[in-house]
Enquirer: 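My structure is below; once you've seen it, I'll send some questions.
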Amino acid sequence: MLEAFPAEPYRLLAEDGTLMAGASVTQSPAQLRELWQDMTVVREFDRKLITLLRQGRTTFYAQASGMEATQIGIARGIRAGHDWIWGYYRDHGIALGIGVPIEELVAQMLGANTDPNRGRQMPHHPGSRSRRFVSSSSSIANQVPPAAGMAMAQRYLGTDEVTICTFGDGATSEGDWHAGVNMAAVNDAPCLFICENNQWAISTAVHHQTRSESIHIKARAYGIPGYYVDGNDVLAVQQAVSTLTDQMRAGGGPVLLECLTYRVGSHSNADADAEKTYRSRDEVKSWTGRDPIVRLERFMASQGLEIGAEERAAEVTRIHSLIDSAVQKAEESGQPDWRIMFEDVYGDLPVHLRWQYDHLRAEQLAGQEGTR
Ligand SMILES: Cc1ncc(C[n+]2csc(CCOP(=O)(O)OP(=O)(O)O)c2C)c(N)n1
Ligand SMILES: [Mg+2]
């Protein structure tokens, strides 16, 4: 049973994929297969986008490899498209899991004309109004105070929506994090704060990040419950998120949930992981051996739902071709031109922006003359 402030992370599946003593699984065979498929999409999305990055077709990417169970468990534990998500830059797995179309995500990452944000955001910082996935910010913990504010509004308006606010272990050292959690706590706002504890903040290990014995224990300081789940067990994450959001929907206040996982890939394309300077290869190898997708596959096999090599290969091919066609569509749509800087904010352009527009236009025209 899910209990606040446990010594050990809550899990339904042991690391070898066997069911924990006394645990029961409520997902149907079809639902288990969907979870497997969703996690595979996230894993393959990483592979394809890293290739595009190396080819110079996008400029920034932050992998979620190793963290698929946490992100898909969250996506499948909430009411997708109904509850609001304030995520962070590594949460493309949540976006995929709640149904943000691959084409939309790829267009954002390539800064293409078909990107709903029209290339204005940094690559790999998507948002989706229809799926209620708020555009991510690169600034750590920035999303925490506005998420608390949204949850306060939900309480005030008496809706049955709840807010999910995710962040990394490093984010819990930021002032914004403490201000936001405190604000939600004193207002009983239905916000589920989820720490995707992947044990590193670029090159800072979690034991250098905080003197607290864990992340979820920090909830005590704010007078709210703290839960702790094995973030590589998709069934446990899904169950915890669904239980906690149901509690909040029934009138409960905010909760902090820590999902213990590991980032097996690099932080982004801008860290020193490849140079092996801040963490040992043995550490990475030991977590690669605790692969969340393999754990679910093993459990499924024990239930007579084995994923064969052929089926796996066919699924990977299907995902790759979906991504390939999304890339082709995005690239064919071209990139937005400079005029979009002046659009979508003011109905009538203020005079200083009018002046800047004219100035840029003159420069563009002069540039075109010069190349003739
Ligand atoms: C306010 C702020 N300070 C510093 C940075 C630089 N920075 C980018 S990512 C990062 C680490 C964040 O680690 P964590 O919160 O654990 O998330 P993870 O990347 O591990 O998923 C830092 C320090 C930033 N983006 N914003
Ligand atoms: Mg981290």
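Counting convention: from 1, in listed order, for ligands and their atoms alike. Please read these numbers as outputs of a predicted model, since none were measured by experiment.
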Enquirer: Which protein N or O atoms sit under 3.5 Å from any N or O of ligand 1? Give each pair with its distance.
Expert:
unit_1	atom_1	unit_2	atom_2	d
ligand 1	15 (O)	Gly170	N	3.2
ligand 1	15 (O)	Ala171	N	3.0
ligand 1	16 (O)	Asp169	N	3.2
ligand 1	16 (O)	Asp169	OD1	3.0
ligand 1	16 (O)	Gly170	N	2.8
ligand 1	16 (O)	Trp200	O	3.3
ligand 1	17 (O)	Tyr89	OH	3.3
ligand 1	19 (O)	Tyr89	OH	2.6
ligand 1	19 (O)	Arg90	NH2	2.7
ligand 1	19 (O)	His267	ND1	3.4
ligand 1	20 (O)	Asn198	OD1	3.1
ligand 1	20 (O)	Asn198	ND2	3.0
ligand 1	20 (O)	Trp200	O	2.7
ligand 1	21 (O)	Tyr88	OH	2.7
ligand 1	21 (O)	Arg90	NE	2.8
ligand 1	21 (O)	Asn198	ND2	3.2
ligand 1	25 (N)	Ser138	O	2.9
ligand 1	26 (N)	Ile140	N	3.1

Enquirer: Taking atom types as modelled, find out whether Thr210 and Ser212 have a side-chain donor-acceptor pair closer than 3.5 angstrom.
Expert: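 There is such a pair between these side chains.
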Enquirer: Between His92 and Tyr61, does the ring centroid distance fall short of 6.0 Å?
Expert: yes
Enquirer: State whether the side chain of Arg132 and the backbone N or O of His82 hold a donor-acceptor pair below 3.5 Å, judged by distance alone.
Expert: yes
Enquirer: Check this for me: does any side-chain nitrogen of one of Glu343 and Arg118 sit under 4.0 Å from a carboxylate oxygen of the other?
Expert: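 Looking at Glu343 and Arg118, the cut-off is met.
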Enquirer: Determine whether the aromatic ring centres of residues Trp338 and Tyr357 are separated by less than 6.0 angstrom.
Expert: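 Yes, ring centres under 6.0 Å apart.
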Enquirer: Any side-chain heavy atom of Leu192 sitting closer than 4.5 Å to one from Tyr227?
Expert: no
Enquirer: Below 2.8 Å, which protein N, O or S atoms neighbour the Mg ion (ligand 2), ignoring water?
Expert: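 The answer, once waters are left aside, is Asp169 OD1, Asn198 OD1, Trp200 O.
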Enquirer: Find out whether Ile307 and Arg33 are in side-chain contact, i.e. whether some heavy atom of one side chain is under 4.5 Å from a heavy atom of the other.
Expert: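 The answer is yes; the side chains approach within 4.5 Å.
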Enquirer: Which is it for Leu12 and Met20 under the side-chain contact (heavy atoms from CB on, under 4.5 Å) test, yes or no, and what are the steps along the way?
Expert: CA-CA 5 Å; Leu12 294 172; Met20 297 290 287; 5.5 Å; no
Enquirer: With ring centroids as reference points, do Trp200 and Tyr278 lie under 6.0 angstrom apart?
Expert: yes
